[in-house]
Amino acid sequence: MHLTTTARLAGLALLATTLMPAAHAEPVTYADRGVYHFESQSGCPFATAVGGKDCNRIVLDASDVQARVDAKAHAIVFSSSTQHREQEVLGDVLLQGSGLDASGMRVPLRVRLLLRRDGRKWEPDIYVHAPVRGKFRDVQIDAYSVRVKQGDGDAGPEQEVLPAPKTLALLEQPSVAARLARHFVKVLPSNAQRPSGDDITVALGLGKLTKSVARARFVSNASQEASLDEALASGTWSIQLDALSGQIPQWVVRRELFTLGLEDSPLVKDLRAHGLKKHDRIEIGAHEGKGYLRVNEKQTEFPGALASAQAFMRESFMGLILGWSRHPAATGTAPKNASAPGNAT
């Protein structure tokens, strides 16, 4: 059974290309469940102190999934067992880049391919993340052809699920369906009377049927004029994520905890088992340089806080909006026309 569009968009809320010269590295095969980063030849967005140029990402969600990245050929090939079913996410590819918006300002852009598999049939979903709506030009993003093995493991023919030229088209000439989907997801200031790019709410729906789903807030000792990297380097900061609805799918919650490096903490045991309830809060932060993780009323030391915050800002849609508000080219106010992660296929 297909997941509903609402569920997929809600999860992603919590959560080509111009052909760029590739590094002449030998092909690398990633195996086993984990989060893997590789170099972006097109540059990285803010919050890249951890990882440097390695801001393109592959996530493998199961132990039998593999991904072979050939930077020279600009090709990524996924393979896995055929024993999986459609609702189980097996992995994703996140490609980082940038482009010029309608005003001529260069903004960070991302294309994300999410992969499921039902027996021998792969189910791809493609999404675009951008801090503003519209079409983009002079797009710079690594051009990868993403293919999947149709047989069991590494056997069988390959099927292309994301041709390299399609990434450019997604950003420069989005389809009608993609443009409509983006209107379904809204990014709003949490406080309409005092709008701030450091405090945003994601809502789903149209008109009076719009419903708030999640809120993200960034707080730091640094001034509002400080860049994101400077704010995180201040030593005292926090990222607060609030569930404003109990309808965020459990698989999304579990996957976000996994990709942000939080899943092993005892504090998230109930969230992994039951998902997020309305008014639940996850907070990642640091006080005078000491990291912590807080879930509702419980808090523990968390040395990995900075790395988790970097990953959230660098790789999630809500993090993109929060980070962009502190970019020198942005205004520092809440986004009025953020391009929400609608399905681009």
Side-chain angles (χ1 to χ4, degrees), residues 15-61 65-78 90-99 106-115 127-131 139-146 162 164 167 171 227-233 239 255-263 284 291 303-320 322-324 326-327:
L15 332 102
T17 65
T18 302
L19 294 177
M20 302 297 294
H24 293 282
E26 293 298 318
V28 176
T29 297
Y30 300 108
D32 295 325
R33 184 172 182 267
V35 180
Y36 304 94
H37 294 89
F38 59 102
E39 184 176 356
S40 167
Q41 293 294 308
S42 304
C44 294
F46 37 75
T48 57
V50 176
K53 295 182 179 180
D54 293 343
C55 60
N56 285 336
R57 187 194 75 179
I58 283 179
V59 176
L60 304 181
D61 290 74
V65 184
Q66 294 189 0
R68 185 174 185 268
V69 178
D70 188 335
K72 184 176 181 179
H74 279 274
I76 301 173
V77 180
F78 279 83
L90 296 189
D92 74 20
V93 178
L94 183 70
L95 300 176
Q96 305 267 13
S98 66
R106 183 161 294 278
V107 300
L109 301 172
R110 302 170 185 158
V111 172
R112 184 185 183 199
L113 171 68
L114 194 69
L115 290 170
Y127 302 89
V128 170
H129 297 181
V139 173
Q140 299 175 3
I141 188 168
D142 292 2
Y144 277 91
S145 166
V146 182
L162 178 60
T167 309
L171 298 167
S227 69
L228 179 60
D229 286 328
E230 291 170 340
L232 290 173
I239 297 173
R255 196 165 195 273
E256 291 298 310
L257 294 173
F258 164 47
T259 58
L260 294 179
L262 305 178
E263 67 174 3
I284 307 166
L306 178 59
S308 292
Q310 294 272 1
F312 176 78
M313 293 296 196
R314 188 175 54 214
E315 297 165 6
S316 74
F317 172 64
M318 295 185 80
L320 172 68
L322 290 176
W324 176 245
R326 284 182 170 268
H327 192 279

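Quick caveat: nothing in here was measured; it's all calculated off a predicted structure. Side-chain atoms are counted along with the backbone in the values below, which use heavy atoms only and exclude waters and symmetry mates.
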Using a 4.5 Å cut-off on heavy atoms from C-beta on, say whether the side chain of [Y] contacts that of [X].
X: F38; Y: D54; result: no
X: C44; Y: R314; result: no
X: S98; Y: Q140; result: yes
X: V128; Y: L109; result: no
X: Q66; Y: D32; result: no
X: L114; Y: V93; result: no
X: L94; Y: N56; result: no
X: I141; Y: T167; result: yes

Separation between [atom1] of [X] and [atom2] of [Y], rounded to the nearest 0.5 Å:
X: D142; Y: Q41; atom1: CG; atom2: CD; value: 6.0 Å
X: D61; Y: T259; atom1: CG; atom2: OG1; value: 9.0 Å
X: S308; Y: I239; atom1: OG; atom2: CD1; value: 9.0 Å

message: R33: which residues meet the side-chain hydrogen bond (donor to acceptor under 3.5 Å, both in side chains) condition with it, sequence neighbours left out?
response: E263
- request: Could you walk me through whether C55 and Q96 pass the side-chain contact (heavy atoms from CB on, under 4.5 Å) test, one step at a time?
  value: CA-CA 7 Å; C55 60; Q96 305 267 13; 3.8 Å; yes
field: Partners meeting ring pair (Phe, Tyr, Trp, His ring centres under 6.0 Å) with F258 (sequence neighbours left out)
entry: none
- prompt: Nearest heavy-atom pair of L228 and G323: which atoms, and what distance?
  reply: CD2-CA, 3.9 Å
- line: Between P131 and W324, the two heavy atoms sitting closest are CB-CD1, 3.4 Å
Between the main-chain N or O of [Y] and the side-chain N or O of [X], is there a donor-acceptor pair closer than 3.5 Å?
X: D70; Y: E26; answer: no
X: Y36; Y: A31; answer: yes
X: S145; Y: A164; answer: no

query: What's the verdict on side-chain contact (heavy atoms from CB on, under 4.5 Å) for I284 and F312, showing C-alpha distance, side-chain angles and the deciding distance?
result: CA-CA 10 Å; I284 307 166; F312 176 78; 5.6 Å; no
- prompt: Hey, what's the ring geometry for Y144 with H74, parallel, tilted or perpendicular (30° and 60° as the breaks)?
  reply: tilted
- request: Could you pull out all residues at least two apart from V77 that satisfy side chain to side chain contact (heavy atoms under 4.5 Å, CB included)?
  value: R147, K149, E158
field: Contacts of type side chain to side chain contact (heavy atoms under 4.5 Å, CB included), residue A231, not counting sequence neighbours
entry: F218, S220, A222, R326
message: Working note: H37 + E315, criterion side chain to side chain donor-acceptor pair (under 3.5 Å); need CA distance, chi angles, decisive distance, verdict.
response: CA-CA 11 Å; H37 294 89; E315 297 165 6; 2.6 Å; yes
task: Could you pull out all residues at least two apart from D92 that satisfy salt bridge (charged side-chain N to carboxylate O under 4.0 Å, His left out)?
output: R57, R112, R255
field: Contacts of type salt bridge (charged side-chain N to carboxylate O under 4.0 Å, His left out), residue R68, not counting sequence neighbours
entry: none
message: Does F78 form a side-chain contact (heavy atoms from CB on, under 4.5 Å) with I58? I'd like the steps, not just the answer.
response: CA-CA 10 Å; F78 279 83; I58 283 179; 4.3 Å; yes
- request: List the steps, then state whether side-chain contact (heavy atoms from CB on, under 4.5 Å) holds for E39 with V69.
  value: CA-CA 11 Å; E39 184 176 356; V69 178; over 6 Å; no
